[in-house]
Amino acid sequence: MANVPKIGKAVYKGPSVVKEIIYGITLGLAVGGLWKMHHWNNQRRTKEFYDLLEKGEISVVAEDE
Amino acid sequence: MIVLKWLFLTISPCDAAEPWQLGSQDAATPIMQGIIDLHHDIFFFLILILVFVLWILVRALWHFHYKKNAIPQRIVHGTTIEILRTIFPSIISMFIAIPSFALLYSMDEVVVDPAITIKAIGHQWYRTYEYSDYNSSDEQSLTFDSYMIPEEDLELGQSRLLEVDNRVVVPAKTHLRIIVTSADVPHSWAVPSSGVKCDAVPGRLNQISILVQREGVYYGQCSEICGTNHAFTPIVVEAVPRKDYGSRVSNQLIPQTGEA
């Protein structure tokens, strides 16, 4: 029974708090970024709407039949 | 451009409450656009915090499940994390406060020289509107009452509990001053798409300034409990092109004032 390699026992080291916080903030920023893209898209469409309204290409007044 | 035109031409702005509506009505004034933008700014931080907290919660439940981590630790202090979790929320609060105060103070700006002043008087259970700009010393101001159209008198396409017999006609793209008061109990003059909610308090004149950016019909409802018919006192503002405003007022409103 000589020269038997030692078998190391796996011990659960636990999570890294710093890593989990970084992952959480990154995920939050990613989802928040999606919301921001939705917001910017809305702003762009609103601006386009008012620009077209100003130019007279569209109208919000219904035509009399 | 054709697709854009098609899209816009077939989309009518949301200027009244819609069934199952989740978001705000479309903005018709710069104030409402500012309110919507502020909401979007704050919602970004809400999402950031929600996702972060949910992530930490789920990961904590995962890592410290009793089968994986039989012996819980007894941690009572953590100076670094306590400092961080105090400073970061304060920074987030500051980022929320800056646009919020900017909007709040800009909403309080009084327009020095509005083109038109309209008085909105709350009653139980109808509104009276006065256009006093056209007086000479001998004439009465242009005054009319605005009652809700009952459900049995509605025409096809009209909205239940929102339509009125006499709308408030205002010119679009013009600075307006609205003076709100009440003749009996407190009411509130609210038009969501204009970003306006102003309490009508008896014995007090409250003033708001608005600039309606596009023509349209904007609906609102009484927003201060005022008795049994509180839910049946709507407000309808009709913004017309500036060139048509004069004729609308003289043709439509003056005959009604004569009847009233």
Side-chain angles (χ1 to χ4, degrees), chain A, chain B residues 1 4-13 15 23-24 26-28 30 33 36-37 39-60 62-64 67-71 73 75 78 80-81 84-85 88 172-173 213-217 239-241 244:
Chain A
M1 296 285 283
N3 296 329
V4 173
K6 278 190 185 165
I7 299 168
K9 220 174 177 184
V11 174
Y12 180 58
K13 282 169 70 179
S16 161
V17 175
V18 175
K19 272 190 195 167
E20 294 294 343
I21 288 175
I22 290 171
Y23 294 154
I25 290 176
T26 308
L27 205 58
L29 285 171
V31 180
L34 289 175
W35 169 259
K36 273 289 188 189
M37 282 169 57
H38 165 70
H39 164 61
W40 289 325
N41 189 43
N42 260 3
Q43 272 195 326
R44 184 183 54 82
R45 288 189 68 187
T46 306
K47 190 175 176 307
E48 274 174 7
F49 172 80
Y50 280 104
D51 285 343
L52 288 174
L53 201 63
E54 201 68 30
K55 284 183 207 166
E57 289 182 41
I58 57 171
S59 172
V60 288
V61 181
E63 296 288 338
D64 276 332
E65 284 167 22
Chain B
M1 189 53 98
L4 201 65
K5 267 201 229 176
W6 173 79
L7 277 173
F8 276 118
L9 282 171
T10 54
I11 295 173
S12 59
D15 296 328
S24 311
D26 292 327
Q33 194 56 57
I36 291 172
D37 288 343
H39 167 262
H40 287 186
D41 282 339
I42 295 174
F43 202 68
F44 165 76
F45 290 108
L46 269 173
I47 288 175
L48 179 68
I49 293 166
L50 178 72
V51 168
F52 175 75
V53 169
L54 281 177
W55 173 261
I56 298 295
L57 176 67
V58 164
R59 294 298 281 169
W62 169 261
H63 282 298
F64 302 119
K67 284 191 177 167
K68 208 170 176 184
N69 189 59
I71 304 167
Q73 278 190 291
I75 300 173
T80 314
I81 199 164
L84 289 173
R85 75 177 183 211
F88 274 106
K173 299 178 194 164
Q213 288 176 301
R214 54 181 164 85
E215 293 88 1
V217 184
V240 298
D244 298 336

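Chain letters run A, B, ... following the sequence lines, proteins first, then strands; residues in each count from 1.
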Going through the checks in order, is the side chain to side chain contact (heavy atoms under 4.5 Å, CB included) test met by L29(A) and F52(B)? CA-CA 9 Å; L29(A) 285 171; F52(B) 175 75; over 6 Å; no
Is there a side chain to side chain contact (heavy atoms under 4.5 Å, CB included) between K173(B) and E54(A) once you walk through the steps? CA-CA 11 Å; K173(B) 299 178 194 164; E54(A) 201 68 30; 4.1 Å; yes
Can you tell me how far apart CZ (F43(B)) and NE2 (H38(A)) are? Round to the nearest 0.5 Å. 9.0 Å
Step by step, work out the side chain to side chain contact (heavy atoms under 4.5 Å, CB included) result for H40(B) and Q43(A). CA-CA 11 Å; H40(B) 287 186; Q43(A) 272 195 326; over 6 Å; no
Proximal component of I21(A), with respect to chain B [non-hydrogen, under 4.5 Å]: both
Which heavy atom in D37(B) sits nearest to a heavy atom in H39(A), and how many Å separate them? OD1-CE1, 3.5 Å
Side chain, backbone, both or neither: which part of Q33(B) has an atom under 4.5 Å from a heavy atom of chain A? side chain
Find the one option among I81(B), I47(B), L50(B) whose heavy-atom pairs under 4.5 Å with chain A are most numerous. I47(B)
Residue part contacting chain A, namely of A60(B), when any heavy atom lies under 4.5 Å: neither
Please look at I49(B) and chain A and tell me whether the side chain, the backbone, both or neither of the residue comes under 4.5 angstrom of a heavy atom of that chain. neither
Contacting region of Y50(A) [heavy-atom separation from chain B under 4.5 Å]: side chain
Would you mind checking which part of F45(B) comes under 4.5 Å of any heavy atom in chain A, side chain (CB onward), backbone (N, CA, C, O), both or neither? neither
Taking atom CD1 of I56(B) and atom OH of Y23(A), what is their separation to the nearest 0.5 Å? 11.5 Å
Which heavy atom of L27(A) sits nearest to which heavy atom of V51(B), and what is that distance? C-CG1, 3.8 Å
Side chain, backbone, both or neither of L53(A) within contact of chain B (heavy atoms, under 4.5 Å): side chain
Could you tell me which non-hydrogen atom of G24(A) sits nearest to which non-hydrogen atom of W55(B), and how far apart they are? CA-CD1, 3.4 Å
Might you point out which heavy atoms bring F44(B) and G32(A) nearest each other, and give the distance in Å? CD1-O, 3.3 Å
